[in-house]
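See structure below.
Every heavy atom of this structure was used, including side-chain atoms; hydrogens, water molecules and symmetry mates were not. Quick note on labels: first sequence line is chain A, next is B, and so on, each numbered from 1.
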Amino acid sequence: MVNIAVLVKQVPDTNSKIQISGDRVDLSSVKMDISPYDEFAVENALLHKESSGGTVTAITVGSAGADKVLKGVKALGVDNIVRLDYDGFMDSNGLQSILAEEITAGGYDIVYCGKSAADTGAGSTGPGIAERLGWGSVSNATEVKFADGLTVSYPTEGGDAIVSVNLPAVVSCDKGSIKVRKSNVKGIMMAKRAQVDVKAVSPPSPSVTVVSQVMPPAKPAGKKFEGGSSAQTVAQLLRDEANII
Amino acid sequence: MTETIVIAELSKGEISITTNELVSAANLLGTNCTIVVPCADSTIADKAGKISGVSKVIAAKSTVFSNYDAAAWAEAIDSVAPAGIVVTAASAQSKDLAARLAARRSISVIQDVIAIEGGNLSTPIYSGKAIQNVSVSGNSVISVRANVFAPAEDSGNCEVQVIDTTGNVTTALKEMVQRASERLDVSEANIIISGGRGMGTPANFTHLEEIADKLGAAVGASRAAVDTWDEIPHSMQVGQTGKTVNPNLYIAVGISGAIQHLAGMRSSKYIVAINKDADAPIFQHADYGIVATWEDALPVLSSSLANLMA
Ligand SMILES: Cc1cc2nc3c(=O)[nH]c(=O)nc-3n(C[C@H](O)[C@H](O)[C@H](O)COP(=O)(O)OP(=O)(O)OC[C@H]3O[C@@H](n4cnc5c(N)ncnc54)[C@H](O)[C@@H]3O)c2cc1C
Ligand SMILES: Nc1ncnc2c1ncn2[C@@H]1O[C@H](COP(=O)(O)O)[C@@H](O)[C@H]1O
């Protein structure tokens, strides 16, 4: 029986347009969804349970709005859903501290998470939690196998490394060849009634302060040419103007 | 000002030019730059001693550096690196290490820094749709994107101190599956030429490979290409759910420029787009756009490059 945790985060839908109001991103009219790689983390967590037996607990850090993501994964077959109640910016030290505490308290054997969240793009949380817990970790996992111990593949310079991992461990999941399951009506109905286990947290005071959020500097308008023969002009510009060739 | 520590970036077992860029970044953040070279064979650290603007080079020597293991690397590096602001590259492996090192020291990590100005660090958020500027009090670990800072010169002369170290390995390498092709991976390349659904068939990617070989470039793909054709592996995918790349030159062929594709390549220094649809969104981001079919444009591009490089 394996006690499995999976971390899921609510982020803006990747199709959404990001707007700035004042000097902060304004998400008030943006559709929110589960971060794409977290779907692979959930799928691996469920496959792990199906292979070894056990329970899967999904954990998120966020405000009440994030319950939607928890219910979404509950509908897929996750057993328990936990929200560490916090609204606003937390630096990596704060986030990892409270998550590591919760994982210790829950007595988990393995944590799955996304390789990076679609908002931060950081990829810090998985390895950071593992270090705090003194656990092993593998990041950017493209394939996870559960027969005779945990075996994980991830890309490296020049090829794929296949490593065996001792539990407890943290696995940060990339998109691999697995297909993620979809929820059915029964799952969705059951998830509607599910209770989110909401817990209060007190992260350490932050050392990182957000000064501003701005649009990326606009690129000067490029040059556009018609017809295949203009590729010659472009090649010349790559040499003379861009100094690349 | 705070001391800085650069963790040398290695490629094929050697110190790569990215390390020189990291030194430039470190010298914007503090003083007394120390380079720590993770190595099994300390002679590779000699190259770090040549980099200008460095006050100390430590070759952290250990057998744990023969294969990557996040826990062991962090432990071994932490034991030799002084306190201060730690700077690493933003490759997948180094970001993983950066997160570990920061957690080990109970400080924060700032990933993918693309600018340092007046003490503030800028990083892309929401896949580059916005930029976040942060200030940090005290020490931190920061990973710096490649091709952002001009590399420090190689006119220094710093002695290399070898320190034996070790760490607890938590993962055991079972097998290394070499990539089938000798081709560069998109995440390692300075020039990338990518194909999308507009290439028509996976066999047509040979036209991209031919140009890639001329330029020493990697071949990438859009998700539509990866999802449609089994021959195009996910490792080639650029974008939101593929790789984030930051090359000097990105050539997009038969790619519409969907927001999730842009997420992976919009920070490329120069972008060339070849697309038959003059209204394709990719043209809004291209420095040089060619409105044509690839069938018309690629042969001309290929022969022009051959002439220029002859
Ligand atoms: C959660 C999520 C994550 C995603 N992640 C990614 C990602 O990581 N990477 C990614 O790329 N996409 C991603 N996508 C998909 C993305 O939205 C687009 O569907 C995809 O990028 C389109 O690929 P394409 O440009 O190759 O195909 P299309 O949009 O079909 O465009 C093909 C283009 O080729 C042009 N063309 C056709 N024939 C020719 C010719 N003969 N010569 C020249 N041009 C021609 C057409 O004019 C067209 O512009 C993601 C989507 C979602 C929802
Ligand atoms: N607030 C959060 N709540 C739950 N999980 C999170 C949170 N932030 C990050 N994670 C997990 O950590 C992964 C990597 O996030 P990041 O380090 O921000 O790139 C995400 O894909 C999630 O699985």
Side-chain angles (χ1 to χ4, degrees), chain A residues 12 14-15 18 20 25 36 91-93 96 118-124 127-128 131-132 136-140 151 155-166 175 207-216 219 222-232 234-235 237 239 242 244-245, chain B residues 70-71 74 92 95-96 99-100 102-104 106-109 111-112 120 124-138 170-179 188 234-235 240-241 248-249 259-260 270 272 283 286-292 296-297 300-301 304-305 308-309:
Chain A
T14 60
N15 271 311
I18 295 295
I20 303 283
V25 165
D91 62 14
S92 71
N93 187 45
Q96 293 168 18
D119 51 358
T120 67
S124 305
E131 182 66 38
R132 280 158 210 272
S137 65
V138 180
S139 296
N140 309 306
T151 307
T156 64
E157 188 182 52
D160 283 318
I162 304 176
V163 296
S164 59
V165 183
N166 291 325
K175 182 187 161 136
S207 65
V208 179
T209 311
V210 177
V211 176
S212 62
Q213 295 173 330
V214 297
M215 289 316 261
K219 254 191 136 157
K223 298 181 176 151
K224 203 163 156 190
F225 305 93
E226 296 279 340
S229 58
S230 62
Q232 187 183 356
V234 170
L237 284 167
R239 155 155 297 184
I244 289 177
I245 290 155
Chain B
K95 283 175 67 171
D96 189 48
R100 278 266 182 183
R104 198 171 175 85
S106 296
I107 53 181
S108 271
V109 56
Q111 304 274 20
D112 293 298
N120 289 344
I125 51 171
Y126 305 105
S127 322
K129 292 181 206 169
I131 307 289
Q132 177 161 281
N133 300 310
V134 301
S135 68
V136 187
S137 66
T170 59
T171 59
L173 184 66
K174 281 184 150 173
E175 199 184 336
M176 271 299 289
V177 184
Q178 295 300 324
R179 236 197 314 279
E188 294 157 24
H234 178 253
S235 59
Q240 179 87 45
T241 40
N248 268 324
L249 173 61
I259 200 151
Q260 295 94 350
Y270 282 92
V272 172
F283 284 123
D287 299 276
Y288 306 124
I290 301 172
V291 184
D296 283 345
V300 181
L301 184 64
S304 309
L305 291 172
L308 284 171
M309 297 172 80

Greatest number of heavy atom pairs closer than 4.5 Å to chain A - which of [options]:
options: G138(B), A292(B), P124(B), G289(B); value: G289(B)
options: V272(B), V109(B), V177(B); value: V177(B)
options: N120(B), L173(B), L301(B); value: L173(B)
options: D287(B), L249(B), I259(B), L305(B); value: D287(B)
options: A286(B), A297(B), A99(B), A172(B); value: A172(B)
options: V134(B), I131(B), V136(B); value: I131(B)

Legend entry - R100(B) CZ to R132(A) CZ distance, which is reported to the nearest 0.5 Å: 11.0 Å

Name the member of [options] that forms the most heavy-atom pairs with chain B at distances under 4.5 Å.
options: G159(A), S164(A), A235(A); value: S164(A)
options: A161(A), G222(A), A118(A), S92(A); value: S92(A)
options: S229(A), G227(A), S207(A); value: S207(A)
options: D160(A), N166(A), V210(A); value: D160(A)
options: S137(A), G121(A), G123(A), P36(A); value: S137(A)

Side chain, backbone, both or neither of [X] within contact of chain B (heavy atoms, under 4.5 Å):
X: T120(A); result: backbone
X: T156(A); result: both
X: P216(A); result: both
X: N140(A); result: side chain
X: K219(A); result: side chain
X: I245(A); result: side chain
X: Q96(A); result: side chain

So for [X], is it side chain, backbone, both, or neither that comes closer than 4.5 Å to the heavy atoms of chain A?
X: D96(B); answer: both
X: S235(B); answer: neither
X: E188(B); answer: side chain

Taking [Y]'s backbone N and O only, do any of them form a donor-acceptor pair with [X]'s side chain (distance below 3.5 Å, no angle check)?
X: R239(A); Y: L308(B); result: yes
X: Q240(B); Y: S127(B); result: no
X: D91(A); Y: V208(A); result: yes

Inset, instruction - Please examine the side chains of Y270(B) and L237(A), heavy atoms only from C-beta on, and report whether any two atoms are closer than 4.5 Å. - result: no

Inset, instruction - List for me each residue that meets side-chain contact (heavy atoms from CB on, under 4.5 Å) alongside T171(B), sequence neighbours excluded, and say none if there are none. - result: V138(A), V163(A), V165(A), D69(B)

Legend entry - Partner set under side-chain contact (heavy atoms from CB on, under 4.5 Å) for V25(A), not counting sequence neighbours: I18(A), I20(A), L27(A), Q213(A), I125(B), Y126(B), A130(B)

Legend entry - Over 12 non-hydrogen atoms of neighbours within 6.0 angstrom of CD in Q260(B): yes

Inset, instruction - Taking the six-membered ring of F283(B) (Phe, Tyr or Trp), confirm whether the NZ or CZ of K224(A) is under 6.0 Å from its centre and within 45° of its axis. - result: yes

Inset, instruction - Return yes if a side-chain donor-acceptor contact under 3.5 Å exists between S124(A) and K95(B), otherwise no. - result: no

